[in-house]
Amino acid sequence: MIGLVDCNNFYASCERVFKPHLKRKPIIVLSNNDGCVIARSNEAKALGIKMGEPAFKIKTLILKNKVSVFSTNFALYGDISHRVMEILKTEFNRVEIYSIDEAFLDFSISASIDRAVFIRNKIRQYTGIPVSIGIAPTKTLTKIANHIAKKYTEKGVFILNNEIKINKILNSYPIEDVWGIGRRYAHKLKQAGIKTALEFKNADTTWIRRNLSVDGIHIQMELKGKQYFNLKTHQSIKKSISTTRSFSKETNNYNIIKDAINTFASNCALKLRKENICCYKLTVFLMTNTYKTNTKQHYPKITLLFSTATNDSLEISNMANKALKIIYNNNCCYKKAGVIVHKTIPDKEVQISLFNEINRKKRRKLMYSVDSINMIMGKDKVRLASQGFDKEWQKKQEQLSPCYTTQIEDILTIQI
DNA sequence: TCTGGGGTCCTAGGACCC
DNA sequence: TCTGGGGTCCTAGGACCC
């Protein structure tokens, strides 16, 4: 049996841990540029605030209902997530961290409601975060069990452990809520008369293969109780890393875009170094405002290659600049840009190209020093001049909460 | 006025190899 | 009139996830 722990309304719950007076109050967390709603407390959901809704569209609703609004604070959420995962690791031999707020667990020993309740209480007590736990024979079924646990149980725990129970649940489970069935597939399935998870489980496999590719077959297998997705306990290296942002306003100013691209590039390099990997390829893209339907859309992008795989900020920024010069067109106003590095390998396996001209040993030392200083002094304290100084492209985060657990100056003060 | 960001996997088709 | 067979790698686009 596999278990799935899922933190309830994770970002909203993180904010609430440090603001207990917001208990039972509507809370929302906004995306990077205070743009869209990406997390809601149950009270906010009850007000009809939808996932992904642009914040400006619900301004009056927010004011009228005194909804507490927060900008994303990934330093805080990442740290709380880490704490939750560490607790799970003390309780289980095999834990797969699936996302910032979810983990699969090996429940092959003692798969019981009591054990799950114990885990749930422990996480609540140690971190303040409420979680739901679903237990079932396959990952796809644990997703369903978890959904039931969250929505319909008092204890926040649910187990799917026999065929009759499984079929009964699947029979009333909408196909679009099944893990791996998105909007497109759901539409296709409904047109074919498949509306529930049970109907999908019993559907013709050949038809599924033809219409949903092998992904569909895997989902069907899992619904039948046969494991296809195994527990992945050691994490494999990242295949791509990206940094992309929308700008505060559309611009065709080369220098502003250049500053942004260089910042994204060195951020990608930093992420590569943190993962101990290097990349062979770099993609730079620009985008016009996709919401403006009356203007011409332009989405240029280009991929360039390194002869030797690298995670060096200078090299990656230089390459990004080269790419930008090729795709930039001053007749367009760009709203968004990004840098993606891919084709990665572990840094220990890098082979030096015959035409290498850089003293890589020296560069690695330099990067190490820069990273060490920035770790202590704060992000980008030492940076490339090409990143610029004004950050004109950057948007505001007006509702940012303190980094209670990662910045010493932000730590809570308690009056006794 | 204001609309996020970061990932993975699969498939078809093209280019190439022997 | 007739024009092989067996592969790999890469890319773009599509679908999905959180």
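Values below: every heavy atom of this structure, side chains too, minus hydrogens, waters and symmetry copies. Below, read A as the first sequence line, B as the second, and so on, with proteins coming before strands; counting in each chain starts at 1.
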Report which part of the nucleic acid [X] touches: base, sugar-phosphate, or nothing (heavy-atom distance under 4.0 Å, all strands).
X: Arg209(A); result: sugar-phosphate
X: Lys188(A); result: nothing
X: Lys232(A); result: nothing
X: Lys336(A); result: sugar-phosphate
X: Glu53(A); result: nothing
X: Asp101(A); result: sugar-phosphate
X: Lys271(A); result: sugar-phosphate
X: Leu212(A); result: nothing
X: Ile241(A); result: sugar-phosphate

Residue met sooner reading DNA chain B from 5', once Thr243(A) and Ser248(A) are mapped to nucleotides
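First, find each residue's nearest nucleotide; the 5'-ward one identifies Ser248(A).
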On DNA chain B, check which nucleotide each of Lys238(A) and Lys59(A) is closest to and give me the residue with the more 5' one.
Lys59(A)
Among [options], find the nucleotide with the atom closest to the side chain of [X].
X: Lys281(A); options: dC10(C), dG5(B), dA15(C); value: dC10(C)
X: Trp179(A); options: dG6(B), dT3(B), dC18(C); value: dC18(C)
X: Val214(A); options: dT8(B), dG4(B), dT11(B); value: dT11(B)
X: Ser213(A); options: dT11(B), dC17(C), dG5(B); value: dT11(B)
X: Lys335(A); options: dT3(B), dC10(C), dG4(B); value: dT3(B)
X: Arg184(A); options: dG5(B), dT3(B), dC16(C); value: dC16(C)
X: Ser99(A); options: dC16(C), dT3(B), dC18(C); value: dC18(C)

May I ask you to verify if any side-chain N or O of [X] is less than 4.0 angstrom from the OP1 or OP2 atom of [N]?
X: Ser31(A); N: dT3(B); result: no
X: Thr72(A); N: dG5(B); result: no
X: Ser246(A); N: dG5(B); result: yes
X: Asn33(A); N: dG5(B); result: yes
X: Lys239(A); N: dG6(B); result: no

Expressed in angstrom and rounded to an integer, what is the separation of [X] atom [atom1] from [N] atom [atom2]?
X: His187(A); N: dA15(C); atom1: NE2; atom2: P; result: 11 Å
X: Glu222(A); N: dC16(C); atom1: CD; atom2: P; result: 17 Å
X: Glu96(A); N: dC17(C); atom1: CD; atom2: P; result: 16 Å
X: His218(A); N: dC10(B); atom1: NE2; atom2: P; result: 7 Å
X: Tyr77(A); N: dG6(B); atom1: OH; atom2: C1'; result: 16 Å
X: Lys274(A); N: dG7(B); atom1: NZ; atom2: C1'; result: 17 Å
X: Tyr98(A); N: dC16(C); atom1: OH; atom2: P; result: 13 Å
X: Glu102(A); N: dC18(C); atom1: CD; atom2: P; result: 6 Å

Taking atom types as modelled, find out whether Asn167(A) and Lys201(A) have a side-chain donor-acceptor pair closer than 3.5 angstrom.
yes
Distance-only side-chain donor-acceptor flag, Thr138(A) / Gln227(A), under 3.5 Å
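No pair is found: no donor N or O on one side chain lies under 3.5 Å from an acceptor on the other.
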dG4(B) and dC17(C): how far apart are their C1' atoms, nearest whole angstrom?
15 Å
Taking all non-hydrogen atoms of both residues, which atom of Met1(A) and which atom of Pro137(A) are closest, and how far apart?
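So the minimum-distance heavy-atom pair works out to SD-N, 3.7 Å.
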Taking the six-membered ring of Phe285(A) (Phe, Tyr or Trp), confirm whether the NZ or CZ of Lys301(A) is under 6.0 Å from its centre and within 45° of its axis.
no
Could Arg115(A) and Phe92(A) be counted as a cation-pi pair, given that NZ or CZ must be under 6.0 Å from the ring centre and within 45° of the axis?
yes
Can you confirm whether or not the ring centre of Tyr173(A) sits under 6.0 Å from the ring centre of Phe200(A)?
no
Counting the benzene-type ring for Trp, do Phe104(A) and Tyr98(A) have ring centres under 6.0 Å apart?
yes
When you compare the ring of Tyr291(A) with the six-membered ring of dT3(B)'s base, are the centres less than 5.5 Å apart and the planes under 30° from each other?
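Aromatic stack with dT3(B) present for Tyr291(A).
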